[in-house]
Colleague: 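This structure is in structure tokens; I'll ask about it shortly.
In what follows, every chain begins at residue 1, and chains take the letters A, B, ... in the order their sequences are listed. Worth knowing before you read on, the calculation uses all heavy atoms, side chains too, and leaves out hydrogens, waters and symmetry mates.
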Protein chains: 2
Amino acid sequence: MAVVKQRSACPISNSLEAWGDKWSLLIIRDLMFAKQLTYGDFLKAPEKIATNILAARLQALEENSIITKTVHPESRAKFLYQLTQKGIDLYPLMVEINLWAEKYYPIPEERKPLLALIHKDKEAFIKKSIEALTK
Amino acid sequence: MAVVKQRSACPISNSLEAWGDKWSLLIIRDLMFAKQLTYGDFLKAPEKIATNILAARLQALEENSIITKTVHPESRAKFLYQLTQKGIDLYPLMVEINLWAEKYYPIPEERKPLLALIHKDKEAFIKKSIEALTK
DNA sequence: ACATTTACTTGCAAAATGCAAGTAAATTAA
DNA sequence: TTAATTTACTTGCATTTTGCAAGTAAATGT
């Protein structure tokens, strides 16, 4: 039995151990936008994650039940990464990050329509986005 | 002029550069509970941050305008660390982390009353908590 | 059969974190 | 008034994580 060390019993601390590194939330972000991605898709993100780091983070996220890895239906050479319910449930958190960032950092034009929707009705936006990921 | 490199223009990415390391959110958590803390207070947290790391993170958070450092009114040997408005604005984010963690990890007994308040009326809870930090 | 795509792994350098001990200014105790 | 203590760090070094570049292996395309 592998024993997972935790720094403390604090929910914040435990959460950080699941996704609180330099890359995990960016991987989760990409999956929230795209619903499903291949290894190569993640490498296309503008932050340019290194291939070994990506492999390590994907594995850790899978071990933490935040994403799943399945063979691509159209090719056995590819794998599909998707969010689990646990991963999808990070959506409200991601929305709050966006709202915070909007207040303190410049927002790229192409993200502004999304933020407008959030401001219009946050709960509805989250609900609809989660439904889109679930279906 | 110091140029701050950013990995991308993404709001999530920029946010992570401000507080997306192994310790910053725990420091912010402590300040949300306590409103103001000294260097020594942070060292008492159960996660046992190393002194050099604490100094480095406090400095980075100050540089990112998330916390302030002022001399303690009662002793020039101490400094008070407090959240700025930018730091306080992370409160909704912190609440969402708690709600997510509540769903997937065991929650210590002493945190459960707080979560009950959040469930009762999230917006009211956040508003009141922020007011308490601001006054 | 051979080249290409895809998902990695490997080796090594650089950066961040962790540990233990040390320092310096301010405060308190003798 | 001097010495011990408190407080906030810094320093040196080991360990871990991240980053870069190149390499590998299975599946697919030509």
Colleague: Between A/Trp23 (CH2) and C/dA15 (P), how many Å, whole number?
Modeller: 15 Å

Colleague: Counting only non-hydrogen atoms, which of residues 71-83 of chain B are less than 4.0 Å from DNA chain D?
Modeller: B/Ala77, B/Lys78, B/Phe79, B/Tyr81

Colleague: Is the closest side-chain donor-acceptor distance between B/Thr68 and B/Gln82 under 3.5 Å?
Modeller: no

Colleague: Just checking A/Gln85: does its CD atom have more than 12 heavy atoms from other residues, nucleotides or ligands closer to it than 6.0 angstrom?
Modeller: yes

Colleague: Using every non-hydrogen atom in the two residues, find where A/Ser65 and A/Lys86 come nearest and quote the distance to one decimal.
Modeller: O-CB, 3.6 Å

Colleague: Nearest 0.5 Å please: distance from the CD1 atom of A/Ile97 over to the CG atom of B/Leu16.
Modeller: 6.0 Å

Colleague: Considering non-hydrogen atoms only, spot the tightest contact between A/Ile67 and A/Leu58 and give its length.
Modeller: CD1-O, 3.5 Å

Colleague: Among residues 35-58 of chain B, which contact DNA chain D at a heavy-atom distance under 4.0 Å?
Modeller: B/Thr38, B/Tyr39, B/Gly40, B/Thr51, B/Asn52, B/Ala55

Colleague: If each of A/Gln59 and A/Lys22 is mapped to the nucleotide of DNA chain C with the nearest heavy atom, which maps nearer the 5' terminus, i.e. the 5' end?
Modeller: A/Gln59

Colleague: Does some side-chain heavy atom of B/Leu93 sit less than 4.5 Å from a side-chain heavy atom of A/Leu93?
Modeller: yes

Colleague: Would you grab the first and last nucleotide of DNA chain D (5' to 3') that comes under 4.0 Å of any non-hydrogen atom in chain B?
Modeller: D/dT7 to D/dG12

Colleague: So does B/Glu131 pair up with B/Lys128, basic N to acidic O under 4.0 Å?
Modeller: no

Colleague: Do B/Glu102 and B/Asn98 get their side chains close enough for a donor-acceptor pair, meaning under 3.5 Å?
Modeller: no

Colleague: Locate the shortest heavy-atom distance separating A/Leu61 from A/Ala18; write the atom from each residue and the value.
Modeller: CD2-O, 3.9 Å

Colleague: Write down the atom of B/Arg29, the atom of B/Ala45, and the distance for their closest heavy-atom approach.
Modeller: NH2-CB, 4.0 Å

